[in-house]
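Right, one structure below, let's go through it.
Both backbone and side-chain heavy atoms feed into the values below; hydrogens, waters and symmetry mates do not.
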Amino acid sequence: MTDRLAALLEHFSVSAHVFHTGALCGVNELDGNGTTGQLHLIQRGKVEVHHGGIMALQVTRPSLLLYPRPMAHRFVTDSEHGADFACAHLSFGGGAANPICAALPPVSCLPLDELEGADGVLSLLFDEAFKQNCGRQAVLDRLFEVLLIQVLRHLMEQGQTQAGMLAGLSHPRLRNALVAMHDNPEREWSLDALAARAGMSRSVFANVFRDSVGCTPGVYLQRWRIGLAQQSLLKGQPLKLILQEVGYSSEAALSRAFKAQTGMSPRQWRLGQCE
């Protein structure tokens with residue numbers, strides 16, 4: 001079976017930084033400013049989760065809350081006993097352009113006992129979170145990163161991604177075409193070739209892809225290629241090398257595709273990232 005996450009995680013990194021472990025009592029607000037998302041683990045206690053002044057969720061069992069993008073939220077717990085949390089900031093390489101970040105819903109809530117195969121990681125994470133072991137921060141950061149990968153697996157395998165890239169990767173046939181584009185962006189992928197990878201007819205593939213992913217295969221491939229080009233630009237690679245890696249025949253062709261996706265030329269975009 002093809003690895004649906006390998007190319008994504010290779011090119012678009014995700015890093016975690018733990019910022020709180022322990023009890024939260026009463027009302028605690030997170031303003032949603034900045035550029036990071038957040039992953040909260042609730043080990044014990046009842047929690048009301050508010051978004052924009054409205055109670056959006058009521059957590060009554062050990063659960064996780066995933067906010068891939070900045071979003072203001074407020075936790076309301078018992079003022080005396082509170083609830084035990086472990087919380088981390090999430091930084092997605094490429095920011096809003098990171099396809100993993102872009103594909104996730106604004107917030108996901110998962111009971112921990114439904115996250116298959118995560119028992120060992122969660123046990124170690126909570127053990128580290130509530131002790132003061134040497135190297136604790138580094139261990140917790142890495143464990144949160146592993147946990148996020150397990151969450152992505154769960155969302156895909158359980159079909160809890162309604163549209164977008166992760167929905168396509170959840171599809172038993174579309175996933176093969178998507179992984180082919182991810183692994184070999186430099187190839188001239190025709191609609192027929194991608195449909196063959198998916199084991200579908202050309203017309204059925206085009207319709208199912210658009211309905212599941214939300215765009216045509218050609219648009220998706222262009223977005224993937226430009227996302228890779230952006231990552232390479234940030235590393236200082238010259239356009240002549242980048243265009244070969246992402247399947248464009250000339251700098252002009254790459255620039256046209258880049259402008260279609262970002263509204264800027266590669267040079268303008270790179271200068272903007274350096275400001």
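- At least one side-chain heavy atom of H81 sits under 4.5 Å from a side-chain heavy atom of D78.
- Not a single side chain to side chain donor-acceptor pair (under 3.5 Å) links Q58 to another residue, sequence neighbours left out.
- Between the side chain of Q150 and the main chain of G117, a donor-acceptor pair closer than 3.5 Å is present.
- Rounding to the nearest 0.5 Å places CG of L39 at 6.0 Å from CG of L64.
- F205 is listed as a side-chain neighbour of L191, based on a closest heavy-atom distance under 4.5 Å.
- Checked against side chain to side chain contact (heavy atoms under 4.5 Å, CB included), R61 has the following partners two or more places apart in sequence or in another chain: S63, P111, D113, E114.
- Residues meeting the side chain to side chain contact (heavy atoms under 4.5 Å, CB included) test with T35, sequence neighbours left out: none.
- Taking S15 as the reference, S91, E145 meet the side chain to side chain contact (heavy atoms under 4.5 Å, CB included) condition, with sequence neighbours excluded.
- How far CG of L194 is from CE of M200: 11.5 Å, rounded to the nearest 0.5 Å.
- Here L147 contributes atom CG and L152 contributes atom CG; the two are 10.0 Å apart, rounded to the nearest 0.5 Å.
- Under the 3.5 Å distance criterion, the side-chain polar atoms of S170 are matched with a main-chain donor or acceptor of M156.
- With sequence neighbours excluded, the residues satisfying salt bridge (Lys or Arg N to Asp or Glu O under 4.0 Å) with D127 are K131.
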Please tabulate, for the side chains in residues 17-25, all donor-acceptor contacts under 3.5 angstrom to protein atoms that are two or more places apart in sequence or on a different chain.
from	atom 1	to	atom 2	distance (Å)
H20	NE2	G22	O	3.2
T21	OG1	A129	O	3.2
T21	OG1	R136	NH2	2.5

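- Put simply, the side chain of R270 never gets that close to the backbone of L234: no donor and acceptor are under 3.5 Å apart.
- In this structure, F258 and W269 have side chains that are in contact, with non-hydrogen atoms separated by less than 4.5 Å.
- Atom CG of residue L228 and atom CG of residue L233 lie 11.0 Å apart, to the nearest 0.5 angstrom.
- The closest side-chain donor-acceptor pair between R210 and N207 falls under 3.5 angstrom.
- Every residue meeting the salt bridge (Lys or Arg N to Asp or Glu O under 4.0 Å) condition with R44, not counting sequence neighbours, appears here in chain and number order: D84.
- Taking D119 as the reference, nothing meets the side chain to side chain donor-acceptor pair (under 3.5 Å) condition, with sequence neighbours excluded.
- Looking at Q38 and H73, their side chains do bring a donor and an acceptor atom within 3.5 Å of each other.
- Between the R173 side chain and the G199 main chain, a donor and an acceptor come within less than 3.5 Å of each other.
- Residues passing the ring pair (Phe, Tyr, Trp, His ring centres under 6.0 Å) test with W189: none are found, sequence neighbours excluded.
- Side-chain atoms of E186 and Q244 form no donor-acceptor pair, as typed in the model, at a separation below 3.5 Å.
- Checked against a 6.0 Å centroid threshold, the rings of Y67 and H89 do not count as neighbours.
- Judged as a side chain to side chain contact (heavy atoms under 4.5 Å, CB included), and not counting sequence neighbours, the contacts of L8 are L5, P99, I100, M165, L169, H182, W224.
- Side chain of R225 to backbone of V246: a donor-acceptor contact under 3.5 angstrom is found.
- Listed by chain and residue number, Q237 satisfy the side chain to side chain donor-acceptor pair (under 3.5 Å) test with E245 (two or more places apart in sequence, or in another chain).
- Each of L112, L41, I42 was checked for a side chain to side chain contact (heavy atoms under 4.5 Å, CB included) with P62, and the lone residue meeting it is L112.
- Take Q43 and apply the side chain to side chain donor-acceptor pair (under 3.5 Å) test, not counting sequence neighbours, and it matches no residue.
- S232 contributes no side-chain N or O that, together with a main-chain N or O of I242, makes up a donor-acceptor pair within less than 3.5 Å.
- Of the inter-residue distances, the one linking E251 atom CD with K240 atom NZ reads 6.5 Å to the nearest 0.5 angstrom.
- Atoms CG and OG, from L271 and S265 in turn, are 8.0 Å apart once rounded to the nearest 0.5 Å.
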